[in-house]
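Below, each value reflects all heavy atoms present in this structure, side chains not excepted, and no hydrogens, waters or symmetry copies.
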Amino acid sequence: MTNTIPTYTLSDGLTVPVVGFGTDKLKGAKGVSSIKQALQNGYRFIDTAYSYENEATVGKAVKESGLNRSEILISSKLPEKYHQYDLAIPAIQESLYRAGLDYYDLYLIHWPDPEQDKYVEAWQALIDAQKFGLIRSIGVSNFHPEHLDRLKAETGIIPVINQIQTHPYYIQDKLIDGNNAHAIQTQSWSPLGNRMADDLLDNQTIKSIAENYNKSIGQTILRWQVQSGFMPIPCSSSSSHQKENLHLFDFELSDNEMHTISNLSKPDGDIYGG
């Protein structure tokens, strides 16, 4: 893999590639093969979660990859059922045991679950797990600005990453502005639209821009993500698509093209709410 992947430096100093690899739905032997393939193709940030039920798959792929653990950044997430402090710490430990890892490079709260209202307690558990050496950096997923403000007010510690749904049909400006206000890196889940992908990846407006650079629609969307300052984590079991999703750094979209893609955002673009 000769394509060099640029990096972002998070607010705590951790350096991460600007493009990572998502693993949702990648399980078992096929999942191990796909993740090993992604590592061979140049990915160095692997995203998983307790709720994906594939942490062991990720761990096995990492072990079989032939790469040193220090070369790979691995992220996982705490589900809402373990937001209680005395449940969260052992849940993080069990997560590591399943993956066969000594530590996670990044660990997130998967969702604030405001009705349960224990996300601050869960956040304190992540803060302590970091002190215990179980986690290098801590972050959140699907948090709104008011949740971030509360974490800061009650613990004094701000997440380094907020992983949110972001793609051209659904740009969550309020959440992105909240992240930027706290110097939190926006990480994009479903950067190519997930169940909306068939439509998004056939969008004629983006296609016309992609043709200017002899790129695919997917590459153009991911380039838009990167130029917007986001960290996309596309998932693919196809080696050719994995490689394609990393070849984003030999072209640059114009300001007008960036605005054109951003203007595709629509109220019903939410994958779950649309």
Q.
With heavy-atom distances below 4.5 Å as the criterion, would you say the side chains of I161 and V140 are in contact?
A. no

On a heavy-atom basis, the closest approach of A210 and I217 is CB-N, 4.1 Å

Rounding to 0.5 Å, atoms NE2 (H110) and NZ (K81) come to a distance of 13.0 Å

May I ask you to decide if E252's main-chain N or O and Y213's side chain share a donor-acceptor pair within less than 3.5 Å? yes

Is W111 reachable from Y104 through a run of I, L, V, M, F, W or Y residues, each pair having side-chain heavy atoms under 4.5 Å apart? no

Using a cut-off of 6.0 Å, state whether more than 12 heavy atoms not belonging to D102 lie near its atom CG.
no

The single option from L264, D270, D268, N263 that satisfies side-chain contact (heavy atoms from CB on, under 4.5 Å) with K266 is D268

Between L253 and I209, does a side chain to side chain contact (heavy atoms under 4.5 Å, CB included) hold up when you go through it step by step? CA-CA 8 Å; L253 300 174; I209 294 173; 3.8 Å; yes

Hey, would you say the Y119 and H147 ring centroids sit under 6.0 Å apart? yes

Heavy-atom check, side chain of F230 versus side chain of I164, under 4.5 Å: no

For the residue pair H167 and Y169, does the interplanar ring angle fall in the parallel (under 30°), tilted (30 to 60°) or perpendicular (over 60°) class?
perpendicular

Item checked: Exam field: side chain Q204 to backbone D202, donor-acceptor pair closer than 3.5 Å -> yes

Smallest heavy-atom separation, S51 atom then P79 atom, equals OG-CB, 3.7 Å

OG1 of T186 to CG of N180, rounded to nearest 0.5 Å, is 5.5 Å

May I have the step-by-step check of side chain to side chain contact (heavy atoms under 4.5 Å, CB included) for L26 and C235, ending in yes or no?
CA-CA 9 Å; L26 298 180; C235 177; 3.8 Å; yes

Evaluate the criterion salt bridge (charged side-chain N to carboxylate O under 4.0 Å, His left out) for residue pair R150 and E146; output intermediate values, then yes/no. CA-CA 6 Å; R150 188 174 169 198; E146 59 268 27; over 6 Å; no

Please check this pair: side chain of Y8 against backbone of L14, looking for a donor-acceptor N/O pair closer than 3.5 Å.
no

Scanning both residues in full, the closest heavy-atom pair of S216 with T220 reads O-OG1, 2.9 Å

d(Q37 CD, S237 OG) to nearest 0.5 Å is 8.0 Å

Query - Donor-acceptor pair between N162 and H182 side chains, under 3.5 angstrom - result: no

Hey, does S33 have a side-chain heavy atom less than 4.5 Å from the side chain of K30?
no

**Item:** Heavy-atom side-chain proximity of I89 to Y85 below 4.5 angstrom
**Value:** yes

Less than 4.5 Å apart, side chain to side chain, heavy atoms only: is that true for I138 and V160? no

- request: Check the pair R69, Y103 against side chain to side chain contact (heavy atoms under 4.5 Å, CB included), reporting the backbone distance first and the verdict last.
  value: CA-CA 10 Å; R69 171 66 181 89; Y103 65 92; 3.3 Å; yes

In this structure, CG of D113 is separated from NZ of K118 (nearest 0.5 Å) by 10.0 Å

With distance as the sole test, does S188 use its side chain to make a donor-acceptor pair with the main-chain N or O of P232 at under 3.5 Å? no

Closest heavy-atom pair, S262 versus I171, reported as atoms and distance to 0.1 Å, is O-CD1, 3.3 Å

Using side chain to side chain contact (heavy atoms under 4.5 Å, CB included), reason through V120 and H83 one step at a time and then give a plain yes or no.
CA-CA 8 Å; V120 176; H83 279 192; over 6 Å; no

Test of understanding: clusters of I, L, V, M, F, W, Y form through side-chain heavy atoms closer than 4.5 Å, transitively. Do F249 and I221 belong to the same one? yes

dist E244:CD -> S236:OG (nearest 0.5 Å) comes out at 9.0 Å

**Hphob cluster co-occupancy, V32 + V58, side-chain heavy atoms under 4.5 angstrom** = no

Heavy-atom closest pair (S76 atom, Y50 atom, distance to 0.1 Å) is OG-N, 3.6 Å

Original post:
For N142 and Q165, does a side-chain donor sit closer than 3.5 Å to a side-chain acceptor?
Top reply: no

Side-chain (S238) to main-chain (H241) donor-acceptor, under 3.5 angstrom:
yes

The reported gap from CD1 in I184 to OG in S11 (rounded to nearest 0.5 angstrom) is 7.5 Å

Exercise. In terms of hydrophobic clustering (I, L, V, M, F, W, Y; side-chain heavy atoms under 4.5 Å; direct or indirect links), are V62 and L67 co-clustered?
Worked result: yes

Check your understanding: Are the side chain of D105 and the backbone of I74 linked by a donor-acceptor contact shorter than 3.5 Å?
Key -> yes

Between L108 and L106, the two heavy atoms sitting closest are CD2-CG, 3.7 Å

Original post:
N179 versus F143: any side-chain heavy-atom pair under 4.5 Å?
Top reply: no

- Message: I'd like to know whether CG of D177 has more than 12 heavy-atom contacts from other residues, nucleotides or ligands below 6.0 angstrom.
- Response: yes

State, yes or no, whether a side-chain contact exists between D47 and K77 at a heavy-atom distance under 4.5 Å.
yes

>> For K60, is the NZ atom crowded, meaning more than 12 foreign heavy atoms sit under 6.0 Å from it?
In response: no

**OP:** Answer whether the closest heavy-atom distance between the side chains of P234 and F21 falls below 4.5 Å.
**Re:** no

**Study point:** N54 side-chain N/O to T23 backbone N/O, donor-acceptor pair under 3.5 Å
**Key:** yes

* Ion pair D250/R223, N-O distance below 4.0 Å -> no

Hydrophobic clustering (ILVMFWY, side-chain heavy atoms < 4.5 Å, transitive) - are Y52 and I92 grouped together?
no

